[in-house]
There are 2 protein chains.
Amino acid sequence: MHLPIHNEENSRAIKQKPLGQVVADELRRRIWTGEIAYGERLLEAELAAELDISRSSLREALQSLEYEGLVINKARKGTFVYNFTKQDMKEITELRYLIEIPALLKTTSRITDEDIAYLETLLVEMERLIDEEKWYDLFNIDMQFHLTLVHRCGNSRIISMYKVIQTQIRTFLSQLEPYYREKKQLFTKEHAMLVEAFKKRDVQKVERLAKEHINQVAVTLDFVD
Amino acid sequence: MHLPIHNEENSRAIKQKPLGQVVADELRRRIWTGEIAYGERLLEAELAAELDISRSSLREALQSLEYEGLVINKARKGTFVYNFTKQDMKEITELRYLIEIPALLKTTSRITDEDIAYLETLLVEMERLIDEEKWYDLFNIDMQFHLTLVHRCGNSRIISMYKVIQTQIRTFLSQLEPYYREKKQLFTKEHAMLVEAFKKRDVQKVERLAKEHINQVAVTLDFVD
DNA sequence: TGTGGGTATGTTGTCGACATTCGCATATCA
DNA sequence: TGATATGCGAATGTCGACAACATACCCACA
């Protein structure tokens, strides 16, 4: 069972955020944890009742998720959780090469020591979560790691587009969770090496490591099926 | 004065489309024609009444426009038409280099003779609209031209991201309209040369022309102020 | 037994109204 | 006079209900 979206203790903290955004966060969580299955139809009345909110706010959330590519809405037919395919992974990998790689290269010359210090705390956090096998939290930290890097690229539009891609990447990672159990060490090591490259402001190394890291996800997917 | 969104003659044709999308189209039109000014606050009740629709559908439309970056919604403060700056133009230009150029290069080897034939009809249309000085329609054809090219790149995510960028580019063009009056010939010529390059499947030429074309917009903006 | 049409049921699309919050004008006091 | 408190009007956030539509089922009839 889950806590209601707006229980007493949270109501003050999140009152600033539109309810639709809070609901979108919750739906993303349910998708990534598998509580909502891929391909599943999302009945508005049912879901709204379960979350104890109105259909209006739910629909607002669904529109956000549709923009992110996590669900697909067929007019008059309903909203369905999008079921990613290998073809989707190819598209996403191509986009990462076009957007994330150039973003990281720009970041290399703009990254601050504070950024690097923060990244290193994330690395520590990663290792802990890997030990405890808390995959959901681990992937969250992973998102934060990459977003921190892209965030320094200096182009707000690149950042917001990367967020969309990242949401989809995360969806893949969630599905690949069992395969990542085998690659615990690799996971931390790749990120640690990236941090080292940024620390040295070594553009070539960043590019090489980043490409390898991106390929890693694509390769992992190939083992499935 | 404008026709109401859902008058009798249109009601059948657009009944399939969610009202929110129709409203979004109308709002885009009003922004691009200048009927709605940049920076203007959009009062939901007022706008909904004027369009003769409910606030729900209007809010759905506004959410779409916010994703496209045409408006910005400040929680509890209202929705405002986004006012683009030169800095925004720089970001957009950078993104075009990252997304549109690679897309066009991929298209070069995938474009069909039917595509080229269609592009040539658009060229004819462009010349006619330039003669008649119908700038709004001209920019619409321009969007269709570029979208046709990007559409052949084979990556659906690149296409949908390009659509977002293009909507913002279009917003700039609308503001630069007076400057384009001076460049009538250049406008058609650049597109015609691009078509020729695609016809020959000449990747290098496509890349060079496309970059020049992108720079052209950025340069035009520099004359402003 | 298979098919077509019509009805019943359930779901999405759209609407109007209430609840909450914000900003501004006015009032009050140092 | 200036700064701060306060109350009112207006706009956004959220909700529940009705309307329009799609689907599934059932029955009549070939």
Side-chain angles (χ1 to χ4, degrees), chain A residues 3-27 30 36-37 39-67 70-82, chain B residues 3-27 30 36-37 39-67 70-82:
Chain A
L3 292 173
I5 298 291
H6 43 27
N7 51 57
E8 283 82 24
E9 56 175 319
N10 286 342
S11 63
R12 264 177 218 177
I14 63 178
K15 250 318 194 268
Q16 315 297 6
K17 253 189 180 177
L19 190 48
Q21 289 301 314
V22 180
V23 173
D25 292 342
E26 171 65 11
L27 290 180
R30 292 196 181 190
I36 296 180
E40 180 177 332
R41 179 178 185 182
L42 300 177
L43 292 180
E44 295 180 358
E46 184 183 306
L47 248 185
E50 188 179 334
L51 296 168
D52 194 27
I53 54 163
S54 70
R55 272 182 60 218
S56 313
S57 299
L58 177 66
R59 283 169 66 88
E60 184 185 330
L62 290 180
Q63 201 182 336
S64 295
L65 293 191
E66 186 176 22
Y67 174 74
L70 254 56
V71 305
I72 185 168
N73 183 287
K74 304 176 185 178
R76 290 262 168 219
K77 297 285 176 64
T79 304
F80 301 80
V81 180
Y82 186 75
Chain B
L3 292 174
I5 298 292
H6 43 28
N7 52 54
E8 281 83 23
E9 56 176 320
N10 285 344
S11 63
R12 266 178 215 177
I14 62 178
K15 253 312 196 273
Q16 315 296 5
K17 254 190 181 176
L19 190 49
Q21 289 303 314
V22 180
V23 173
D25 292 341
E26 171 65 11
L27 290 180
R30 293 195 180 191
I36 296 179
E40 181 177 332
R41 180 177 185 182
L42 300 177
L43 292 180
E44 295 180 357
E46 184 183 306
L47 247 185
E50 187 179 334
L51 295 168
D52 194 28
I53 54 163
S54 71
R55 272 183 60 220
S56 312
S57 298
L58 177 65
R59 283 168 67 87
E60 184 185 330
L62 290 180
Q63 200 181 336
S64 295
L65 293 191
E66 190 175 19
Y67 290 139
L70 254 56
V71 305
I72 185 168
N73 183 289
K74 305 176 185 178
R76 287 267 168 213
K77 297 286 176 63
T79 304
F80 302 81
V81 180
Y82 186 74

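The figures that follow rest on heavy atoms only: side chains count, while hydrogens, waters and symmetry mates do not. Chain naming here is simple, since letters A, B, ... match the order of the sequence lines and numbering starts at 1 in each. Not measured: the values here are computed from a predicted model.
Comparing D/dA17, D/dT14, D/dT12 by their nearest atom to the side chain of A/Ser57 picks out D/dT14.
Using a 4.5 Å heavy-atom threshold, the side chains of B/Leu42 and B/Leu58 count as separate. Contact annotation: the side chain of B/Leu62 never approaches that of B/Asn73 to less than 4.5 Å [non-hydrogen atoms, C-beta and beyond]. Put simply, the side chain of A/Ser64 reaches to within 4.5 Å of the side chain of B/Tyr67, judged on heavy atoms.
Note on A/Arg30 versus A/Glu40: no salt bridge recorded, every NZ/NE/NH1/NH2 to OD/OE distance being 4.0 Å or above.
Between the CZ atom of A/Arg59 and the P atom of C/dC15 there is a distance of 11 Å, given to the nearest Å. One can place CG of A/Leu19 at 17 Å from P of C/dA19, the figure rounded to the nearest angstrom. To the nearest angstrom, P of C/dT11 lies 17 Å from NZ of A/Lys74. The CD-P distance, from B/Glu44 to C/dG16, rounds to 15 Å in whole Å. The separation between A/Asn73 atom CG and D/dA22 atom P is 14 Å, rounded to whole Å. In this structure, the CZ atom of B/Arg76 is 6 Å from the P atom of C/dC22, given to the nearest Å. Between A/Gln63 atom CD and D/dG13 atom P there is a gap of 14 Å when expressed in whole angstrom units. For the pair A/Glu66 CD and C/dG13 P, the computed distance is 10 Å after rounding to whole Å.
Of the side-chain N and O atoms in A/Lys77, one or more sit less than 4.0 angstrom from OP1 or OP2 of D/dT23. At the phosphate of C/dC15, OP1 or OP2 sits under 4.0 Å from a side-chain N or O atom of B/Ser54. In terms of phosphate contacts, A/Arg41 brings a side-chain nitrogen or oxygen within less than 4.0 Å of OP1 or OP2 of C/dT12.
At a threshold of 4.0 angstrom between heavy atoms, the contacts of B/Leu58 with the nucleic acid are absent. In this structure, A/Leu62 reaches neither bases nor backbone, as no heavy-atom distance under 4.0 Å exists between it and the strands shown.
For the pair B/Arg55 and B/Glu60, nearest-nucleotide mapping onto DNA chain C gives the more 5' position to B/Glu60.
Rounded to the nearest 0.5 angstrom, B/Thr79 OG1 and B/Leu70 CG are separated by 12.5 Å.
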